[in-house]
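Naming convention: chains lettered A, B, ... in sequence-line order (proteins, then strands); numbering from 1 in each chain. Note that the structure is a prediction, hence the values are computed from the model and not measured.
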Protein chains: 2
Amino acid sequence: MSTKRGTGSLDTREKILNVSVELFMENGYPGTPLSLIASKLGFSKAALYYHFKNKDDILNGILNPLLDRIDALLEEAPQRFTDAESRWKFLVTYSDLMLSDPRAVSVLAIGGSQVWLPESIYNRIERHRVRTIELTMLPGMSDEEKVRSILLMDMMHRETVFDKRRFVIDGMTPERRREIVYSFIKKSFED
Amino acid sequence: MSTKRGTGSLDTREKILNVSVELFMENGYPGTPLSLIASKLGFSKAALYYHFKNKDDILNGILNPLLDRIDALLEEAPQRFTDAESRWKFLVTYSDLMLSDPRAVSVLAIGGSQVWLPESIYNRIERHRVRTIELTMLPGMSDEEKVRSILLMDMMHRETVFDKRRFVIDGMTPERRREIVYSFIKKSFED
DNA sequence: GTCTATAGCTCGATAGAC
DNA sequence: GTCTATCGAGCTATAGAC
């Protein structure tokens, strides 16, 4: 995949991805011209086309590693969970997976309805969203419990995906916040 | 404000706003050219400039009525609420206000980090977001309670703002869903 | 592997006729 | 109040030199 690298330096390819993520977060994906990415890297726009075949290819480079791993996780999962413990274990695994790729997650957080995404990526994300919600639902749930599952899965997803615009309490660390959020979600699931 | 109108027909201005909202939801704001709005209305791009001074002015026409009313509500509100009942009354009022303008809410739902918004509108929305969260916090709350307030306000806001991409249960009406969601939020606040 | 130059396109906005 | 025509800016992507 990659050539051998020296001590501290990253692939040019990786540098491009990292700078792109920063700019996509600031300006959005359609709002970030390739010229801006190039100038922040200190070289010209055309040079980007040596490393990526077009703009969407940069986006794919950022998102695909994470999306592939989510695909794999969802394929391993059973049709439905039948008990709360194994469901919770799955949710934690899913959450850890998301948190393991902050670069991709940052770009996912730009979204919203994400109409600007290439259709192939959009469809994958939508499939993940629907499937994870389905997997929170246990057999024999009432309407109230189903709706609550949707709300809580949504809450968990947002907790992994959003970092920037978050309302921060005094000196609370992100880890402490996450601990509180997850225990609230777990308790609400069990209630 | 408006000239007298015939029986069923809307202002051209209102027609433009309604068509724009539909297209903004489909393609996003930056992804919707004025030419598309014009063609869907059956007239030319230049005609739009008789009714609005530029593209952002259309967006303002959609959002400002709601944002103005939210501003007014937030100015009426006390510095902080001191009891759970008056806080809940405020939250219901805020929610009803949002639901009273589905057109504006649809456009707000496009967002996400909403970097595409004109700065003036973006700042207003951010102020609303922060202020409403502050108002959910009662004196003497623990860290856990503060975080839960953030989560629940966020949940409530999303319940008013999102319609489209929602995971729908069988034959459940939106009203039934909202009833379940609100009772969950209320219960979680009181817990 | 990076450059300059430019093709080719789309868009917002304006001018001016009707 | 709506039209045609067009300007000018900004963008993706490619060609071809080094």
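- Shown for residues 29-36 of chain B: residues whose heavy atoms fall under 4.0 angstrom of DNA chain C, namely B:Thr32, B:Pro33, B:Leu34.
- A:Ser100 and A:Arg69 share a donor-acceptor pair across their side chains, judged by distance under 3.5 Å alone.
- Checking C:dG12, D:dT2, C:dC3 against every side-chain atom of A:Ser44, the shortest atom distance belongs to C:dC3.
- Between A:Ile125 and A:Ile70, the closest side-chain pair of non-hydrogen atoms is not below 4.5 Å.
- Across all strands shown, A:Tyr50 has heavy atoms under 4.0 Å from base atoms, whether or not it also approaches the sugar-phosphate.
- Atom C1' of nucleotide D:dG1 and atom NZ of B:Lys15 are separated by 13 Å, given to the nearest angstrom.
- C:dC9 atom P lies 19 Å from atom NZ of A:Lys55, rounded to whole Å.
- Between the side chains of B:Asn64 and B:Arg124, at least one donor N or O lies within less than 3.5 Å of an accepting N or O.
- Here the P atom of nucleotide D:dA13 and the CG atom of A:Leu48 are 11 Å apart, to the nearest Å.
- Note on A:Lys186 versus A:Asp191: no salt bridge recorded, every NZ/NE/NH1/NH2 to OD/OE distance being 4.0 Å or above.
- Stacking of A:Arg87 on the aromatic ring of A:Phe189 is recorded, both the 6.0 Å distance cut-off and the 45° axial limit being met.
- What separates CD1 of B:Ile58 from P of C:dG12 is a distance of 9 Å, to the nearest Å.
- Using a cutoff of 4.0 Å between basic side-chain nitrogens and carboxylate oxygens, B:Asp143 and A:Arg177 are not scored as salt-bridged.
- When the P atom of C:dT2 is taken as reference, atom CZ of A:Arg13 falls 14 Å away, rounded to whole Å.
- For B:Ser120, there are no side-chain hydrogen bond (donor to acceptor under 3.5 Å, both in side chains) partners at least two apart in sequence or on another chain.
- Looking at heavy atoms from C-beta onward, B:Asn60 lies in side-chain contact with B:Ile121 at the 4.5 angstrom threshold.
- In this entry the distance linking CG of A:Asp57 with P of D:dT12 reads 14 Å, nearest Å.
- Neither side chain, A:Tyr49 nor A:Asp57, offers a donor N or O lying under 3.5 Å from an acceptor on the other.
- Rounded to whole Å, the distance from CG on B:Asp56 to C1' on C:dC11 is 14 Å.
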Enumerate the protein-to-nucleotides 14-18 of chain C contacts in which both atoms are nitrogen or oxygen and the separation is below 3.5 Å.
none

